[in-house]
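Have a look at the structure below before the remarks.
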Amino acid sequence: MKTLSWFLLVILLLTPAMHTLATGQKANQFTTTDQIKMKIAKLGVGDKAKATITTRDGLKTKGYVYSAGDEDFVMRDSRSAASATIRYADVTKVETSKGFSAIGKAFTIVVITTGATLAGIYFSITANER
């Protein structure tokens, strides 16, 4: 009975977090061409403008934005210096590697809070059994 209670408690505490993570990922999958242009413009150009670009056909290109135009931009691989011209309309996702994303931060906070809550409940139960 005690194990079942713990299991239900964990499920109750983690369900909202998983729901939040799932809805956050769905929202990022559908972006317009203008949003992609703004993300690339925000990154800038040069070797500090690192990103991973996912296109509609599932191809991922990792590197930095070498140049950006009205209809397309050029990604260059840092190691091999190979360039790829990518149309904004073909891009589905732009991922930057500048620390944790908002989802990553939220997940970390939820995990720490859940762990602290479970530890507090566990120690309260064991203290009352003595």
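Residue numbers count from 1 along this sequence. No hydrogens, no waters, no symmetry mates; every other heavy atom, side chains included, goes into these values.
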Derivation and outcome, side chain to side chain contact (heavy atoms under 4.5 Å, CB included), residues Thr52 and Thr61: CA-CA 6 Å; Thr52 302; Thr61 305; over 6 Å; no
Inter-residue atom distance [X].[atom1] - [Y].[atom2], 0.5 Å rounding:
| X | Y | atom1 | atom2 | value |
| --- | --- | --- | --- | --- |
| Lys60 | Thr55 | NZ | OG1 | 10.5 Å |
| Asp90 | Thr33 | CG | OG1 | 9.0 Å |
| Leu118 | Thr113 | CG | OG1 | 10.5 Å |
| Ile36 | Arg87 | CD1 | CZ | 13.0 Å |
| Leu43 | Lys50 | CG | NZ | 12.0 Å |

Qualifying side-chain hydrogen bond (donor to acceptor under 3.5 Å, both in side chains) pairs, either residue in residues 70-81, two or more places apart: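 Counting only pairs at least two positions apart or across chains, the side-chain hydrogen bond (donor to acceptor under 3.5 Å, both in side chains) contacts touching residues 70-81 are Arg76-Ser83, Asp77-Ser80.
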Heavy-atom closest pair, residues Ala49 and Gly44: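 Smallest interatomic distance, heavy atoms only, reads CB-O, 3.4 Å.
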Main-chain N/O of Gln35 paired to Tyr88 side chain as donor or acceptor, under 3.5 Å: no
Connected-component partners of Tyr64 among ILVMFWY, side-chain separation under 4.5 Å: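 Besides Tyr64, the cluster holds Tyr66, Val74.
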Test side-chain hydrogen bond (donor to acceptor under 3.5 Å, both in side chains) applied to Asp34 - qualifying residues, sequence neighbours left out: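 Asp34 satisfies side-chain hydrogen bond (donor to acceptor under 3.5 Å, both in side chains) with no other residue.
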Among Ile53, Thr85, Ile40, the one residue meeting side-chain contact (heavy atoms from CB on, under 4.5 Å) with Met75: Ile53
